[in-house]
Amino acid sequence: MNKEIEELLPFYVNGTLEADEKAKVEQAIKDNPSLKSEIEFLEKLRNEVKVQQTEDSPGELGLKRLQKSLREEKQKEASNTTPGTSGWGWRVASIAACMLLVIQTIVLLPKWQSDDLTAAGGGQIIHVGGQIISITFVPDAREENIRNLLLTVDANIVDGPSALGVYKIVIKKDVQLIIDKLKAHKNLIESVQYDGDKNLGL
Amino acid sequence: MNDKAVLLLQKISNGDEQAIADFYRLFETRLYKFIQSKLNDSFEAYDILNETFLEVWRKADTFEGRSKVSTWLFGIAYYKTMDRLRKKKLVLMGDDDFSDIVDESPDAVSCLVSTDNAECIRHCLDTLKAAHRAVMELTFFEDMAYSEIAEIVDCPENTVKTRMFHAKQAMKHCLQKRMEEKA
């Protein structure tokens, strides 16, 4: 028996073959009548498969179960989008916390610019007395040269730098002499100003 | 019927709960039979049936209309059934494993005309491997074309024809043995 034709027989029996294939099978049946017994077998097999009893399907009970599953699925989707229980909610909370931190920093920052500063290690405020001079240095002045100059005039930096680069130094000797000496070092000193006798809390 | 099913799927994709209920009633009996015959366990079959319709609810908008709705639906059910069988570690006979069974059954037809048709057929269908039984049921119970069956079981059309051929041979062989045992 031609295997190609034999493979088409079940679909000839259930009536789903395309026209050309159906014609091919019918020609084969004419050429080989023994195919008729095969077709009879397949037709009876098809009838028996159709009447095979299975257990009753769940029917309306199954529908109720499906509807319950759908409700549970909807509830699950709704809870996933509720702020506070979802990732979206946590993102909002973290953004709010960051903004609060920024606002807090802006509010507290001016207080850092007060004259009274406490060292992080918990240092004490000390009061310095003497002749106070405000001084600015040339931008490219080297630290080594600044250090040597200040040591020469026996001056100590007691405050600064400010935002404008002003340092306050205290001197104990002749103010005018020291001011003249500092001004002479134009390569290091940009400006010098005598602030008078002051007591600074440091 | 396909037009009605397509319309229902469109409504389901819009979240219409009445439409999914109507869709369920339209296909439930056929689908349950298709699933249960391979699982032989009504509780598991109920689970697969429920999961299949849930999948319809979730994926209704993915139906493109290139096949019939029944083809698409049975494809989902077939995949879920085979997946459950794999998880239960039931070996599915591949086509390569199926040795050619010589047709020695001139009495196969006579068995079918006896009064024990239902019992013979049921027994022999139960001996088929799931993949072959699925093809036979889709061919003879659902009267589907081999091109449709190929879509459902996700294999080439020639494989469908081969599986049906082998399933038929196995049925003949089994029916002959039943006849011999009864004689």
Side-chain angles (χ1 to χ4, degrees), chain A residues 1-22 24-25 32 34-78, chain B residues 15 17 20-21 24-25 28-37 42 45-47 49-51 53-54 56-58 103 105-106 108-109 111-113 117-118 120-122 124-125 135-149 158 160-162 164-165 167-169 171-172 175:
Chain A
M1 202 184 296
N2 182 311
K3 195 174 179 196
E4 183 200 351
I5 296 296
E6 197 170 352
E7 286 184 348
L8 288 175
L9 288 181
F11 304 100
Y12 174 77
V13 165
N14 77 0
T16 59
L17 284 182
E18 299 289 335
D20 58 336
E21 287 177 321
K22 185 179 174 186
K24 197 186 286 186
V25 169
N32 184 357
S34 67
L35 283 174
K36 289 182 182 175
S37 62
E38 186 70 12
I39 289 170
E40 185 184 351
F41 169 75
L42 289 169
E43 284 173 343
K44 289 186 187 303
L45 182 59
R46 175 171 172 260
N47 290 337
E48 292 298 330
V49 168
K50 280 194 179 300
V51 301
Q52 280 293 304
Q53 293 293 320
T54 56
E55 291 181 25
D56 289 339
S57 63
E60 290 301 305
L61 201 62
L63 177 57
K64 287 199 186 323
R65 180 182 174 182
L66 174 64
Q67 288 167 333
K68 185 181 171 211
S69 299
L70 291 177
R71 276 196 301 276
E72 286 169 358
E73 192 144 304
K74 281 185 176 180
Q75 282 169 5
K76 201 174 168 184
E77 282 173 15
Chain B
E17 291 192 26
I20 186 71
Y24 174 92
R25 290 188 182 102
E28 176 251 350
T29 306
R30 285 168 63 192
L31 206 60
Y32 177 76
K33 180 183 169 64
F34 177 67
I35 295 166
Q36 199 273 339
S37 64
S42 56
Y46 290 158
D47 284 347
L49 187 74
N50 195 59
E51 286 176 28
F53 283 108
L54 269 177
V56 169
W57 175 258
R58 291 175 196 133
D103 183 1
S105 55
V109 174
C111 176
L112 283 172
V113 302
N117 278 355
C120 283
I121 297 293
R122 187 195 299 278
C124 292
L125 281 172
V135 170
M136 176 162 289
E137 287 178 347
L138 291 170
T139 303
F140 284 154
F141 187 80
E142 296 291 334
D143 284 338
M144 288 185 177
Y146 59 78
S147 56
E148 270 186 279
I149 297 171
N158 282 340
V160 171
K161 287 187 270 186
T162 304
M164 186 59 210
F165 173 80
K168 181 206 67 176
Q169 294 290 83
M171 288 294 289
K172 280 188 177 179
L175 288 169

Any side-chain heavy-atom pair from Phe11(A) and Met144(B) closer than 4.5 angstrom? no
What heavy-atom pair brings Gly59(A) and Glu28(B) nearest, and what distance separates the two atoms? N-OE2, 2.6 Å
Among Leu54(B), Leu49(B), Thr29(B), who wins on heavy-atom pairs under 4.5 Å with chain A? Leu54(B)
Would you verify whether the NZ or CZ of Lys50(A) falls within 45 degrees of the ring axis of Phe140(B) while also being under 6.0 Å from that six-membered ring's centre? no
Closest non-hydrogen contact found for Gly62(A) with Asn50(B) is O-OD1, 4.4 Å
Any donor-acceptor pair under 3.5 Å from Glu48(A) side chain to Ile121(B) backbone: no
Non-hydrogen atoms of chain A under 4.5 Å away: do they reach the side chain of Ile149(B), the backbone, both or neither? side chain
Please check this pair: side chain of Asp143(B) against backbone of Thr16(A), looking for a donor-acceptor N/O pair closer than 3.5 Å. no
Under the side chain to side chain contact (heavy atoms under 4.5 Å, CB included) criterion, do Tyr146(B) and Leu17(A) qualify, and how do the steps go? CA-CA 8 Å; Tyr146(B) 59 78; Leu17(A) 284 182; 4.0 Å; yes
Taking the side chain as C-beta and beyond, is there a heavy-atom pair between Phe141(B) and Val51(A) under 4.5 Å? no
Salt-bridge contact Lys161(B)-Glu4(A) (side-chain N to carboxylate O under 4.0 Å): no
For Glu43(A), is it the side chain, the backbone, both, or neither that has a heavy atom closer than 4.5 Å to a heavy atom of chain B? neither
Beyond-backbone contact of Lys33(B) with Ser57(A), side-chain heavy atoms, under 4.5 angstrom: no
Given Leu61(A), Val49(A), Leu70(A), Leu63(A), the one with more heavy-atom pairs under 4.5 angstrom with chain B than any other is Leu63(A)
No-hydrogen, no-angle side-chain donor-acceptor test under 3.5 Å, Gln67(A) and Tyr24(B): no
Salt-bridge present (Arg58(B), Glu73(A); N to O < 4.0 Å): yes
Is Glu51(B) in contact with chain A via its backbone, its side chain, both, or neither, using a 4.5 Å heavy-atom distance? neither
Strictly below 4.0 Å, N to O, side chains only: are Glu38(A) and Lys172(B) in salt-bridge contact? yes
Nearest non-hydrogen partners of Glu7(A) and Phe165(B), listed with the distance: CG-CB, 4.0 Å
Using side chain to side chain contact (heavy atoms under 4.5 Å, CB included), reason through Glu6(A) and Gln169(B) one step at a time and then give a plain yes or no. CA-CA 11 Å; Glu6(A) 197 170 352; Gln169(B) 294 290 83; 4.2 Å; yes
Pairwise distance CG(Leu125(B)) to CG(Leu45(A)) - rounded to 0.5 angstrom: 7.0 Å
Inter-residue atom distance Leu8(A).CG - Met164(B).CE, 0.5 Å rounding: 12.0 Å
Would you mind reporting whether Leu66(A) and Trp57(B) have side-chain heavy atoms less than 4.5 Å apart? no
